[in-house]
2 protein chains.
Amino acid sequence: MSETVISPASSPRSASTQSRLLAERLRQALLDGAFPAGSRLNEVHLARTLEVSRTPLRAALQTLAGEGLLHHTPNRGFTVPEQSLSAIVDAYEMRALAEGLAARLAAERGLSDALRQRMEDALADGDRALAPETADDARRGLYAEANAAFHAVIHEAAQSQLVRDVLRICQRVPQTSAHNIVAFDLDDVRQRHAAHRQIYEAIICREPREAERLMRQHVLAVKLSMARWFGQQRAGDAN
Amino acid sequence: MSETVISPASSPRSASTQSRLLAERLRQALLDGAFPAGSRLNEVHLARTLEVSRTPLRAALQTLAGEGLLHHTPNRGFTVPEQSLSAIVDAYEMRALAEGLAARLAAERGLSDALRQRMEDALADGDRALAPETADDARRGLYAEANAAFHAVIHEAAQSQLVRDVLRICQRVPQTSAHNIVAFDLDDVRQRHAAHRQIYEAIICREPREAERLMRQHVLAVKLSMARWFGQQRAGDAN
DNA sequence: CAATGATAAAATGTGTACACTTTTGCCGCA
DNA sequence: TGCGGCAAAAGTGTACACATTTTATCATTG
């Protein structure tokens, strides 16, 4: 008898490796812009700071370089790549296409009950974040989370490793990451939340073309919001 | 006066590193399908085979894993990922979008004289490859090269590292790589060559939207060619 | 005979030493 | 002062040894 409880298929990865953990930490740090663009990463110094040996650190750096998050020069080590403005704009164009494809695939393949639930939760979280009762300073963080969750569900539903990878590298430009989306005008955010609902409906109704169209439009709208916000920032700097 | 000839800006990388060279070799081998999908790569064995030490080999493997060309499991090493049929189809969808964007950017930004020349050379090479005088067995290799050159020029002209990276991972599925394109029906290849000319004209005439539309259509046509060819192959296998 | 558990072999992860390259800083020199 | 050029220092690349984990083998047991 003694039916041993089989560990769920999704969690046999209790044990990770130091390189893996390091790669995660550094990836997050890079996306958060913790390292200035163009700066060199000194291996021995970084290793001391992170309290690890050079070997797993190098492993992590090689991986991140493969992902395009770092640049490597033969006897000169790893550097944080600098992104031009046009690169940022291109990233949004590419991301619009990739997110659109993800939405289309999600609509074609349909949502499992679990994913549908998560998406509805994300939308509800967004509602709460945008409600008048919510304190302004909490709003940004809350909405950023809801926004990221919404997109993450679609990425999963698309069931394509390749599309996920493409989206990942589209967001390797810090400024385009989902976390930064919140820094914009409140009205813009409301419009984008409405777009989320439309996209949700298109996916639920299994309308791939419509889902793709809406999602593309949505991401390009985010691009415009960002451009406008950058303009304001620059205008502010001039004072 | 001994004017020391300054090495051109593009070639101060005479010295490379073993990891780098290994990564190149392995990348090529993987794209050529030299390793069966799903197989594990034994580090010590591979190191002996390639006559290198484990350290640079591991460095190369980490990089390739970052690029998505290999999969890594914590205490189990590196494996060649298996691609489902739907993954291959998805890759073409994504590639159509990315190549389309590249064509659009190229049309927006225009071609330098050098690039324009290279593109015309590639088209002329394609003409020669498809001429009736060309021996059938040489045709494939010749056209594959011309085809790759044509697309490479557009990728360069787009001037976007991100788009290049996206295209790279779209072609990490061996079957979608430019080299394999030639295995199809000759009439199909002729049609695609004609499409190349149209795309060239759209770019020269600085018509971004048209260039993008044509390129998308072109890549999706390649997808259909491939699907048809796969069907024939399978039908042949059944005999 | 199948299932189980101990044990050995093999494979991967990490620490460290050292070779080679790049960078830095210093000194002589015009 | 400014400019090579040389030597020391710093930094990266590679080799190898060892620790830890996984995998294979095999005897034991019900």
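Just so we're on the same page: letters track the sequence lines, and every chain starts at 1. Values in this document were obtained by computation on a predicted structure and should not be read as measured data.
- At the heavy-atom level, Leu46(A) lies nowhere under 4.0 Å from the strands shown.
- The Arg54(B) side chain lies nearest to dA17(D) when the options are dT23(D), dA17(D), dT14(D).
- Among the atoms of the strands shown, only primed sugar atoms or phosphate atoms (P, OP1, OP2) are found under 4.0 Å from some heavy atom of Leu41(B).
- Nucleotide dG15(C) holds its P atom 13 Å from the CG atom of Leu50(A), rounded to whole Å.
- Atoms CD (Glu51(B)) and P (dT14(D)) sit 16 Å apart, rounded to a whole Å.
- Across the interface with DNA chain C, nearest-nucleotide mapping of Arg40(A) and Glu43(B) shows Glu43(B) to be the residue nearer the 5′ end.
- Counting to the nearest Å, the P atom of dT12(D) and the CD atom of Gln62(A) are 12 Å from each other.
- Side-chain polar atoms of His155(B) and Glu99(B) form a donor-acceptor pair below 3.5 angstrom.
- When each of Gln18(A) and Val44(B) is assigned the nucleotide of DNA chain C with its nearest heavy atom, Val44(B) is the one assigned upstream, toward the 5' end.
- For Thr55(B), no side-chain nitrogen or oxygen approaches OP1 or OP2 of dT14(D) to under 4.0 Å.
- For dT23(C), the OP1/OP2 oxygens have a side-chain nitrogen or oxygen of Arg76(A) closer than 4.0 Å.
- With hydrogens and angles ignored, the 3.5 Å screen pairs a side-chain donor or acceptor of Thr49(B) with a backbone N or O of His45(B).
- Residue Ser53(A) is in base contact, counting any heavy-atom pair closer than 4.0 Å across all strands shown.
- A salt bridge is absent between Arg172(A) and Glu67(A): the closest approach of a Lys/Arg side-chain nitrogen to an acidic carboxylate oxygen does not fall below 4.0 angstrom.
- Rounded to a whole Å, the CG atom of Leu21(A) is 12 Å from the C1' atom of dG13(C).
- Mapping Pro56(B) and Asn42(A) onto DNA chain D by nearest heavy atom places Asn42(A) at the nucleotide closer to the 5' end.
- Separating the CZ atom of Arg20(A) from the C1' atom of dT12(C) is a distance of 13 Å, rounded to the nearest angstrom.
- Although no hydrogens or angles enter the test, the distance criterion places no donor-acceptor pair under 3.5 Å between the side chain of Thr79(B) and the main chain of Pro81(B).
- Using a 4.0 Å cut-off between a side-chain N of Lys or Arg and a carboxylate O of Asp or Glu, Arg109(A) and Asp90(B) qualify as a salt bridge.
- Phe78(B) has its CZ atom 9 Å from the C1' atom of dT12(C), to the nearest Å.
- Arg58(A) has its CZ atom 13 Å from the C1' atom of dA15(D), to the nearest Å.
- Atoms NE2 (His45(B)) and P (dT12(C)) sit 12 Å apart, rounded to a whole Å.
- Picking from dT22(D), dT23(D), dA17(C) the nucleotide with the shortest atom distance to the side chain of Asn75(B) gives dT22(D).
- Contact between the side-chain N/O atoms of His72(B) and the OP1/OP2 oxygens of dG13(C) is found at a separation under 4.0 Å.
- Looking at Ser19(A), its side chain has no donor and acceptor atom pair within 3.5 Å of the base of dG13(C).
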